[in-house]
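Worksheet for the structure shown next.
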Amino acid sequence: TLGRLVTVFRDASMSSEVELLPKLAQIDARACLNRLRVLTEKIVSKALDKKQIPHREKSLAAAIGALKDNGVASERAVSYLHTIRVIGNIAAHASEEPLTDADVRIVSYALACVVEEFMDTELL
């Protein structure tokens with residue numbers, strides 16, 4: 001289910017970041033989603049650093065806002081990032097909300113699209 005994500009990360013020379021996620025997704029969707037959110041935070045931070053955009057606040061929402069406000073990412077990428085953030089928050093916090101393989105596929109697709117854009121715009 002994470003084939004595209006693994007391929008994109010390999011192309012970005014970041015395959016070690018996702019190599020264990022397919023197995024994790026089979027075992028624990030919530031843990032996999034949490035890991036994808038943490039990875040997203042790392043990627044957003046790298047993009048902001050590359051553009052030398054200060055990001056004092058440590059929240060992912062604020063970092064995504066900084067990308068948007070500075071015109072660094074497309075509206076599509078910003079929307080994907082917020083999708084990852086929201087589903088990741090559900091995974092990271094105590095919630096009765098069930099998380100499934102479908103959620104993992106949605107988040108992995110969104111992250112793959114963001115990484116592709118960031119590679120195309122030389123943010124990664």
Side-chain angles (χ1 to χ4, degrees):
T1 62
L2 303 178
R4 181 164 185 222
L5 182 72
V6 170
T7 299
V8 169
F9 271 73
R10 188 179 334 114
D11 293 346
S13 300
M14 297 170 46
S15 60
S16 65
E17 297 283 358
V18 296
E19 62 190 12
L20 298 177
L21 290 182
K23 285 187 180 184
L24 183 58
Q26 293 174 344
I27 297 167
D28 188 346
R30 187 173 294 273
C32 184
L33 289 163
N34 191 40
R35 177 71 183 113
L36 286 165
R37 186 189 189 286
V38 169
L39 183 54
T40 300
E41 289 174 348
K42 193 176 187 180
I43 289 167
V44 168
S45 182
K46 279 185 179 185
L48 290 170
D49 289 345
K50 182 132 188 190
K51 288 293 187 176
Q52 299 179 342
I53 298 169
H55 50 106
R56 289 178 220 89
E57 289 185 49
K58 294 298 180 190
S59 78
L60 182 55
I64 295 168
L67 288 175
K68 181 181 178 182
D69 294 346
N70 288 279
V72 173
S74 70
E75 287 291 325
R76 183 182 74 135
V78 167
S79 295
Y80 282 146
L81 288 167
H82 280 300
T83 297
I84 298 164
R85 179 184 62 79
V86 169
I87 295 173
N89 283 348
I90 294 168
H93 302 293
S95 170
E96 296 299 316
E97 188 76 30
L99 295 167
T100 67
D101 185 55
D103 297 304
V104 172
R105 285 193 310 268
I106 290 165
V107 169
S108 69
Y109 177 82
L111 184 54
C113 291
V114 169
V115 170
E116 283 178 332
E117 177 176 315
F118 283 13
M119 286 188 328
D120 289 345
T121 57
E122 299 181 358
L123 291 172
L124 289 177

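What you see below is based on every heavy atom in this structure, not just the backbone, and it leaves out hydrogens, waters and symmetry mates.
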Any side-chain hydrogen bond (donor to acceptor under 3.5 Å, both in side chains) involving residues 70-79? Give me the pairs, sequence neighbours left out, ordered by first then second residue.
->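 Applying side-chain hydrogen bond (donor to acceptor under 3.5 Å, both in side chains) to every pair that reaches into residues 70-79, excluding sequence neighbours, yields S74-E117.
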With sequence neighbours excluded, tell me which residues meet side chain to side chain donor-acceptor pair (under 3.5 Å) with D28.
->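 Result, side chain to side chain donor-acceptor pair (under 3.5 Å) vs D28: none returned.
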In Å and rounded to the nearest 0.5 Å, what is the [atom1] to [atom2] distance from [X] to [Y]?
X: E97; Y: N89; atom1: CD; atom2: CG; result: 12.5 Å
X: N34; Y: L39; atom1: CG; atom2: CG; result: 11.5 Å
X: E116; Y: T121; atom1: CD; atom2: OG1; result: 11.5 Å

If you compare all heavy atoms of [X] against all heavy atoms of [Y], which two are closest, and at what distance to 0.1 Å?
X: L48; Y: A66; answer: CD2-CB, 3.9 Å
X: L33; Y: A91; answer: CB-CB, 3.7 Å
X: V114; Y: A77; answer: CG2-O, 3.8 Å
X: R30; Y: I90; answer: NH1-O, 2.9 Å
X: A47; Y: L67; answer: CB-CD2, 4.1 Å
X: S45; Y: H55; answer: OG-CE1, 3.2 Å

From the list L111, V115, V104, side-chain contact (heavy atoms from CB on, under 4.5 Å) partner of L5 resolves to L111
Result of checking L99, V86, I84 against V107 for side-chain contact (heavy atoms from CB on, under 4.5 Å) |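 The residue from L99, V86, I84 that satisfies side-chain contact (heavy atoms from CB on, under 4.5 Å) with V107 turns out to be I84.
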Close side-chain approach of [X] and [Y], heavy atoms under 4.5 Å:
X: M119; Y: M14; result: no
X: V6; Y: S15; result: no
X: T40; Y: R85; result: no

Could you please spell out the steps behind the side chain to side chain contact (heavy atoms under 4.5 Å, CB included) verdict for Q26 and C32?
-> CA-CA 9 Å; Q26 293 174 344; C32 184; over 6 Å; no
Taking it one step at a time, do V18 and L2 satisfy side chain to side chain contact (heavy atoms under 4.5 Å, CB included)?
-> CA-CA 9 Å; V18 296; L2 303 178; over 6 Å; no
Do L124 and I53 belong to the same hydrophobic cluster, where Ile, Leu, Val, Met, Phe, Trp and Tyr are linked whenever their side-chain heavy atoms lie under 4.5 Å apart, directly or via other members?
-> yes
Could you tell me whether the side chain of K51 and the main chain of K46 form a donor-acceptor pair under 3.5 Å?
->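 Here the side-chain-to-backbone pair does not exist.
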Would you list the pairs meeting salt bridge (charged side-chain N to carboxylate O under 4.0 Å, His left out) in which at least one residue belongs to residues 11-20, sequence neighbours left out?
->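 Residue pairs with at least one partner in residues 11-20: E17-R35, E17-K42.
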Residues F9, I43; criterion side chain to side chain contact (heavy atoms under 4.5 Å, CB included); working and verdict = CA-CA 11 Å; F9 271 73; I43 289 167; 3.6 Å; yes
